[in-house]
Amino acid sequence: MKQILIHRCAAMAIIVLPLLLASGSPVFAQNSNNKDVSVREILRLPGRVLAETKSARPEGDLKVTGYRVEEVQLPRTVNVEIRGQQVAVDRAWRVTVTGGPFPVRALPAVIWIDDQILGNGIENETLSQISAITFDSSLIRQGGVVSLSYGENKETRVRVSQRLQLKGENQ
Amino acid sequence: MSTIRTYIHAFCLTVLLLVSAGIAFAQDPGAPGPLAVTREEYNFGDTAFQPTAFPGPVELLASIHYPTNLSGGPFPLIVLLHGRHGTCFVGGTQLLQWPCTANNSQPIPSYKGYDYLSEVLASHGYVVVSISANGVNAVDNSVFDLGALARAELIQKHLDILNTFNTTGGAPFGTKFVGKFDMSRIGTMGHSRGGEGVVRHYVLNNSLGAPYGIKAVFPLAPVDFNRFVVNNAALNVLLPYCDGDVSDLQGVHFYDDARYNVPGDLAPKHYVLVMGANHNFYNTIWSPSSPFPGATNDWLAFVPGGHSDTQCGTAKGNQRLTEAQQRGTGLAYMSAFFRAYVGGENQFIPILTGDAPPPPSAQTNNLFVSYHAPDDPALRLDVNRLLSDTNLTINTLGATVTQTGLTPYELCGGEAPQPQRCLPDEPNARQPHTTPSARSPNRGLSQLKTGWNNLTGNYNNQLPAALGNVSGFQAIQFRVSVNFADARNLADLAQEFRVKLTDASGSSTSVRVSDVSSALFFPPGRVGPVPKVVLNTVRVPLSAFGGVNLNAVRSVQFTFDERLQGAILVTDVAFASAPPM
């Protein structure tokens, strides 16, 4: 139970901090030099593809067809908290689930790797992709299972059948 | 002898219920009123508003329904806000962008989805404004609070605009509305993410010095990611049992969190659990009969295997409401709520407290009303709030609590060290009162989890002699649900127990719960988020306790002598009355 709580807190921190960053929260802005870097901006930055898969057969009710994992170089260093530690980072990882068209729902989409929540998913305009951002590279691990849910309900996750096959230093 | 007494009690209760029903049926809050209605719109552009620290612009567009003959104003104001949905479409494809810039794309007019409500309220002398929020929907997943503040600021901006119409006038209406809006009598309704939006707006308006008089807040099938609380204003939350989107009914937290949050809160709190209702049918634009893309039956679209559910799906004997029936429930309870607490039409209060049955406009009786009375000593005497382990032996009145033959006999769902969830092996979606919040660490509702294995089970709250005069209250009430996860409850069979009052002389009378309420139903459904435990209020009129001296009551007991075994979740034991009529 305690372990679940710790995982949950860590996951929350990973979700919350980047979103705080995006929201322009004064609390966050006072402690960082990154107030010009928003989630929307990170979503648009070019990335280096670390892993990508695409299946011809859509998975589950959400019709998931694949994923793409990218390393994104940030325009400047930002201070974030990862598992309770304040760290300065200059890179983010963007995980995109493809398929759909995904529904627009009240509950936010959530992207998972194995049983860890990577972050809230943000839809693209045509609803064919949902992306989440993390600053914690340890979540991006070889062989991990990428899945998508609405809300944090594990039971309703739709998994991408192919596990993460990373290339480069993240292996 | 006791059988005759039981029949007499049942007869009296039936008469009481029929009388109160008669009062309510005298007027149906959801029936169209006598006034002719005009509908217009104002539109200041797709990018006219920029919420604070929000990554995109938002439109300033709304519809306005008002009595065609404005000579009788100023009229109370009702503001409606839709929730998250696709923003634009091309042909049969929905898009999530703002403004709609794709070739030939058009906005999806979610704000028009409540015209059925606006028309009825306006025909009774209300001005109803429904706000478009597509610009928020397009990018709200990018911000930490998932758009709650942006929605709140958007509502406040529209109130500023309406205030201008009301004072100096302005385009496109000129001086037509000058002096016609009562900005001190406002109600707000928000659907889905809009539901959290109206709660967040209530808090925002207060933080600005309450420039506008928000009297009543109605979150409809809402999310509650951030756990803001409505204090000192009337609240009603509508919970659709077959919600396939906000399937954990997290909006029940709005009620649970508001109950004892601030001392002296004189505003009533309510919720309505509508069996067979889903998320989308309350908005006509989101419903399958709509021509717009993205319109779905959310239960079927979002719940894996949902078709086969016996309650919410399409299986034989299902209890699903049609679009029209479902909107009937919304029309009845939103109209009753706003007309009572914004318009002062107090005759509708019994519908909101559950003392009167659903009016004909609701189109179903299969719903459950819960009610928390104002924090006024004349209106509510809390017997046992069941908030901490102390309340297992000493109640809120400082008197002794005892039990016989109950197992378990423990609290769950509230603050630590209580277990976070009451049904540890069931998913969160099946236990809304304790479902976690995406943006808040707050725990859920503290509940007594208990059960019995024979006919001797008993739960007894003593009353101090000094507080034993309860004759001024209308009812003894509590919230309860059958614990479907406990095998002592047989599937699909309702439970039963008695509520017993005993006075200082030892005289006592008991009333079967089923004589006054059907809240002890076995939660229906088999698939995904159902069955689920939602605690519903049982109000037993004190007039049913003939033979007991209500000036000197000494104990309130639940006697579990009607069924050999069973298990329930209980909270909020109180003597209570409806708000003043």
Side-chain angles (χ1 to χ4, degrees), chain A residues 1 4-5 8-9 11-12 15-29 35 38-44 60-62 100-110 117 119-133 149-158, chain B residues 52-56 83-88 93-98 101-102 137-146 149 191-196 221-223 225 243-248 250 279 293-294 296 298 301-306 419-420 427-429 435-436 438-439 441 528-529:
Chain A
M1 188 69 186
I4 291 169
L5 201 66
R8 188 178 170 80
C9 289
M12 283 296 290
I15 299 165
V16 164
L17 284 163
L19 289 168
L20 268 175
L21 178 77
S23 70
S25 157
V27 176
F28 193 92
K35 59 187 171 186
S38 69
V39 165
R40 304 293 299 178
E41 188 177 348
I42 297 172
L43 286 173
R44 291 190 195 106
D61 291 345
L62 296 175
F102 296 107
V104 181
R105 290 183 51 175
L107 292 189
V110 175
I117 290 175
N120 266 14
I122 299 165
E123 306 95 333
N124 68 346
E125 291 188 349
T126 57
L127 301 169
S128 61
Q129 299 184 2
I130 296 181
S131 300
I133 290 161
S149 66
Y150 283 81
E152 296 179 12
N153 187 352
K154 274 187 186 182
E155 287 79 13
T156 61
R157 286 180 294 182
V158 174
Chain B
T52 306
F54 195 70
R84 193 163 197 268
H85 194 72
T87 54
C88 308
T93 303
Q94 66 169 337
L95 303 168
L96 194 63
Q97 62 172 197
W98 195 256
T101 53
N137 286 344
V139 290
D140 58 352
N141 275 359
S142 302
V143 294
F144 174 65
D145 71 354
L146 297 166
L149 179 61
H191 184 185
S192 194
R193 284 201 191 181
E196 182 171 54
V223 299
F225 300 135
D243 195 321
D245 190 343
V246 188
S247 53
D248 58 5
Q250 57 187 268
H279 190 80
T296 57
D298 47 278
F302 301 154
V303 177
Q420 188 161 2
N428 289 322
T435 195
R439 295 290 180 267

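Here is how names work: the chains are called A, B, and so on, in the same order as the sequence lines, proteins then strands, and each is numbered from 1. Given the structure is predicted, the values throughout are model-derived calculations rather than measurements.
- For P101(A), no part sits under 4.5 Å from any heavy atom of chain B, backbone or side chain.
- Residues R439(B) and D145(B) are not paired through a salt bridge, judged by the lack of any N-O separation under 4.0 Å between the basic side chain and the carboxylate.
- The contact between F225(B) and chain A is made entirely by side chain atoms (from C-beta outward), counting heavy-atom distances below 4.5 Å.
- If you take CZ on F302(B) and OG1 on T296(B), they are separated by 4.5 Å, rounding to the nearest 0.5 Å.
- Of the two parts of V246(B), the backbone and the side chain both hold a non-hydrogen atom closer than 4.5 Å to a non-hydrogen atom of chain A.
- With a 4.5 Å cut-off on non-hydrogen atoms, L127(A) touches chain B through its side chain but not through its backbone.
- Judged purely by atom type and a 3.5 angstrom limit, Q97(B) uses its side chain to pair as donor or acceptor with the backbone of A102(B).
- Of the atoms belonging to Q94(B), heavy atoms from both backbone and side chain fall under 4.5 Å from chain A.
- Heavy atoms of N428(B) lying under 4.5 Å from chain A are absent altogether.
- For the 3.5 Å distance criterion, the side chains of T435(B) and D248(B) qualify, holding a donor opposite an acceptor.
- Side chains of R40(A) and S142(B): a donor-acceptor N/O pair is present below 3.5 angstrom, by distance only.
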